[in-house]
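The structure under discussion appears below in the form of structure tokens.
Side-chain atoms are counted along with the backbone in the values below, which use heavy atoms only and exclude waters and symmetry mates.
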Amino acid sequence: MSSYEENESKFLRKAKENPFVPIGEILGSLMKMKSRGDTKMSVHLIHMRVAAQGFVVGAMTVGVLFSMYREYYLKPREQQKAAEPK
């Protein structure tokens, strides 16, 4: 297996574990496409990097909250339903 295939499968595995990270990466790249107006290139790049990092952190936070919701709210409910006598 080539390193490209390994990286691709790793990315897909990570995306399945936490589906909000790719969303953050996509939003970050969309922000990069925004026109920069009359600002200097270095300032523009710093702002775009901070925006992209903010989107990724936000996406990771939402992913963690979703994971916690599934783990600590839905699983105990399912276990409780399974333990109820019929």
Side-chain angles (χ1 to χ4, degrees):
M1 188 182 302
S2 70
S3 64
Y4 176 77
E5 291 173 358
E6 290 172 359
N7 289 337
E8 183 180 353
S9 63
K10 182 178 178 182
F11 175 77
L12 292 175
R13 182 176 50 84
K14 294 283 187 180
K16 286 178 185 176
E17 291 173 3
N18 195 350
F20 296 105
V21 173
I23 294 169
E25 291 175 356
I26 291 168
L27 289 175
S29 63
L30 289 175
M31 287 294 295
K32 189 171 105 174
M33 292 181 197
K34 184 180 175 186
S35 86
R36 63 182 178 98
D38 60 347
T39 60
K40 288 185 177 180
M41 179 58 93
S42 62
V43 173
H44 174 70
L45 291 175
I46 290 170
H47 289 165
M48 290 300 105
R49 188 189 79 204
V50 170
Q53 287 173 339
F55 280 120
V56 170
V57 168
M60 289 176 68
T61 302
V62 170
V64 167
L65 291 174
F66 179 71
S67 175
M68 289 175 61
Y69 171 76
R70 282 191 315 193
E71 184 71 26
Y72 297 110
Y73 185 72
L74 291 181
K75 270 190 182 177
R77 271 184 144 186
E78 291 172 359
Q79 291 172 352
Q80 186 179 18
K81 285 181 183 178
E84 289 178 358
K86 293 187 177 190

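Rounding to the nearest 0.5 Å places CD of E78 at 11.0 Å from CZ of R70.
Under the 4.5 Å side-chain heavy-atom criterion for Ile, Leu, Val, Met, Phe, Trp and Tyr, L65 and F55 are members of distinct hydrophobic clusters.
Applying the ring pair (Phe, Tyr, Trp, His ring centres under 6.0 Å) criterion to Y73, with sequence neighbours excluded, gives Y69. Judged as a salt bridge (Lys or Arg N to Asp or Glu O under 4.0 Å), and not counting sequence neighbours, the contacts of E71 are K75.
Judged purely by atom type and a 3.5 angstrom limit, S67 has no side-chain atom pairing as donor or acceptor with the backbone of G63.
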